[in-house]
Amino acid sequence: MLVRDLIAARLRDAVDEAQRTGSLPPFDLPQSGLVERPQRADHGDFASGLPLRVARTAKRPPLEIAQLLADALARGTDDGPIGEVSAAPPGFVNFRLSDDWLRSQVEAIRTAGEAFGDVDVGAGRRVQIEFVSVNPTGPVHVGHARGAVLGSGLARALSAAGFDVTREYYVNDAGNQMELFYRSVFARYAEALGRTDVPLPEDGYQGAYLVELGEELAGRHGPRYLEMDEAEAIAELGEEALNRMLDVIRVDLDRIGVEFDVWFRERDLYAHGQYEDTMALLRERGYTAVRDGAEWFTSSALGDEKDNVIVRSTGAPTYFASDIAYHRDKFGRRGFDRVIDIWGADHQGHVPRMKAVMQALDLDPDRLTILIGQLVTLKSGGDIVRASKRTGQIVTLGDLVDEVGADACRYFFLARAAESQMEFDLELAKRESSENPVYYVQYAHARIAGILRQAAERGVTWEDGDTTLLTDPAELALVRRMLQLPEVVDSIAVTLAPHSLPHYAVDLATAFHWFYDHCRVLSSDPADAPLMKARLKLTEASHVALARTLALMGMSAPETM
RNA sequence: GCCCCAGUAGCUCAGUAGGAUAGAGCGGCUGCCUUCUAAGCAGCGGGUCACGGGUUCGAAUCCUGUCUGGGGCGCCA
């Protein structure tokens, strides 16, 4: 249980008790926001503005209520986390953590190890996060990097929060765009074999990577596919090309720590009946209408601005049609409690229709969350960098990772709130200096590792260290900061906004750097041994906390720098 | 025209289930390395939270109007 929630529970108890004994009149407690982190450290570790909120209904001055509650809470705090409780104008109850308890947590953090920071708000509920899902017609573009890092970071945080998380990539291997891709591949293949009578389709894929792929396929198979039925050849070569593209995509994403549990094929929805079943269900429930020779999903009746075509007048289903079947499959056959889709800003217009789909399928719309990542502007110094092949600039995700490295990519994309447009400064991200927060955080980890390494080299052991010797303000400040990690994880589970993690990482690094400057750990003087051992335990706990924080961000934790 | 997102320090951004004196990093200026990594630490300066109304004991945070920037309004995905 989070300390914050424990304090909230104590506060509720104190109110109940006061109301029972008649020292406070009856009033309803707010459901949330009972206990918060005050901005100023001298207000304590936690605070509650409850008296201010209930003063009117209680018909008592807020400060009086605060004092009454503070007095009640101060009794029986003994050896728990709560140290001092005080009332402060205009009507706050402030809580300060007990120093003894803080010191005891050093041991708890060391022991928790890689599980430090875990909370259990998820209670094993199944969450699917679907992200990236770029059409496999080429390498992942730099524009998709943000969504990739956001989804992957969210997945890590939700796992730590106790959810059973499935990371999924929806492979659009059916439909118009893929047909175009398959025919483009075939044209490049023929071209590589010297044939000039198989032109690239109009609006076909122009990328140089397909020329290479065509040559590769020609080298491997020779003219075999030119000698067979063209439709069959396109289908077979296309499948092979698709798999090659998925490999390329997988490798690029893997380089920035983005991995998937499931690569779901759109085609399977057609092959295994989900598409037909879903269409039948929509028709049965009266959510479709035939107009102008096409079949429409009548989402305007469910709050959308307009209806959307699901089956074209040509008889071919739209992307939206399979997407409906896909989402029904997520909740129905696969039984996810909750689904999170991460889309780019260019798709935000589709949110209302997906919400309409949920209603049509008789599913609670709140079980589907669509996160929209706003656009990213690449900059170098003060200049905007356009993703352009012609100018030799960064185009693919792979280019970006080559340029600035995986850790900087993760950090900067993760550090910005999804709904804000962001600038990605390539120069800053590349800089290996104090100006770069990536190094600031990793440097703290390297310093910690250095101390532990040298202690081991000197043959020092610290298992018997006595953490009650930790009394320096810098030591206690470091423990306080470490203990915030579970709160950060908990809040991400609620807000689905993992950008608090990089900010926390910087704060944690700051706390360690401060400790490092104020408190010398290693000493060869025997008189210093007890304090050294205690500080080694604290250093080890810091190692645990910082390594976990970096792991949650998908960043490396260097032992030396 | 309609819909979505944003506007906070010179720059990049946090802070928004309403709370106490609005924060960080960078850039600028000052100090600190014979001792565990100075990729560090300490300090100084820097704000009409785009603007106007409203709700509230209390608003950067909620409501509303305006302005500015980005995105979207296809039988494309």
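Naming: A, B, ... by sequence-line order, numbering from 1 per chain. Not measured: the values here are computed from a predicted model.
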### Query
Is the phosphate of B:A42, meaning OP1 or OP2, less than 4.0 Å from a side-chain N or O of A:Trp514?
yes
### Task
Before accepting this row, confirm whether a basic side-chain N of the pair A:Glu305/A:Arg353 lies closer than 4.0 Å to the acidic partner's carboxylate O.
no
### Task
Report which part of the nucleic acid A:Tyr516 touches: base, sugar-phosphate, or nothing (heavy-atom distance under 4.0 Å, all strands).
base
### Message
If you compare every side-chain N and O of A:Tyr411 against the phosphate oxygens of B:U12 (OP1, OP2), does one of them come in below 4.0 Å?
### Response
no
### Message
So A:Asp507, base contact, sugar-phosphate only, or nothing? Heavy-atom distance under 4.0 Å.
### Response
nothing
#### Entry: A:Gln348 (side chain) and B:G72 (base): donor-acceptor pair under 3.5 Å
no
### Query
Is the base of B:G69 touched by the side chain of A:Gln421 through a donor-acceptor pair closer than 3.5 angstrom?
yes
### Task
Look at all strands and tell whether A:Leu375 reaches a base, only sugar-phosphate, or nothing, counting heavy atoms closer than 4.0 Å.
sugar-phosphate
### Task
Enter syn or anti for the glycosidic conformation of B:C4, syn applying to angles within 90° of 0.
anti
### Query
If you look at every strand shown and take non-hydrogen atoms under 4.0 Å, does A:Glu559 touch a base, only sugar-phosphate, or nothing?
base
### Task
Send over the distance from A:Tyr439 OH to B:A39 C1', rounded to a whole Å.
9 Å
### Task
Look at the side-chain N and O atoms of A:Arg453 and state whether any lies under 4.0 Å from the OP1 or OP2 oxygen of B:U37.
no
### Task
Kindly determine whether A:Tyr169 and A:Phe264 satisfy ring-ring contact (aromatic ring centres under 6.0 Å, His included), including the steps that lead there.
CA-CA 6 Å; A:Tyr169 189 117; A:Phe264 190 97; over 10 Å; no
### Task
Mind checking A:Ala444 for me? I need base, sugar-phosphate or nothing, with any heavy atom below 4.0 Å counting as a touch.
nothing
### Query
Is there a stack between A:Phe92 and B:A20, judged by ring centres under 5.5 Å and planes under 30°?
yes
### Chi-based syn or anti call at B:A17, which uses purine or pyrimidine torsion atoms and a 90° bound
syn
### Donor-acceptor pair present, A:Ser313 side chain and B:C75 base, under 3.5 Å
yes
### Query
Under 4.0 angstrom, heavy atoms only, what part of the nucleic acid is A:His347 near: base, sugar-phosphate, or nothing?
base
### Query
Is A:Asp42 side chain donor-acceptor paired with the B:A20 base, going by distance under 3.5 Å alone?
no
#### Entry: Any donor-acceptor N/O pair under 3.5 Å between B:U37 base and A:Arg447 side chain
no
### Touch class at under 4.0 angstrom, heavy-atom based, for A:Asp203 against every strand present
nothing
### Task
Between A:Phe515 and A:Val506, just flag the one whose closest nucleotide in RNA chain B comes earlier from the 5' side.
A:Val506
### Message
Any base atoms under 4.0 Å from A:Thr560, or only sugar-phosphate, or nothing? Heavy atoms, all strands.
### Response
base
### Task
Would you kindly give the CG-to-C1' distance between A:Leu428 and B:C11, to the nearest whole Å?
11 Å
### A:His43 aromatic ring stacked with six-membered ring of B:A20, 5.5 Å and 30°
yes
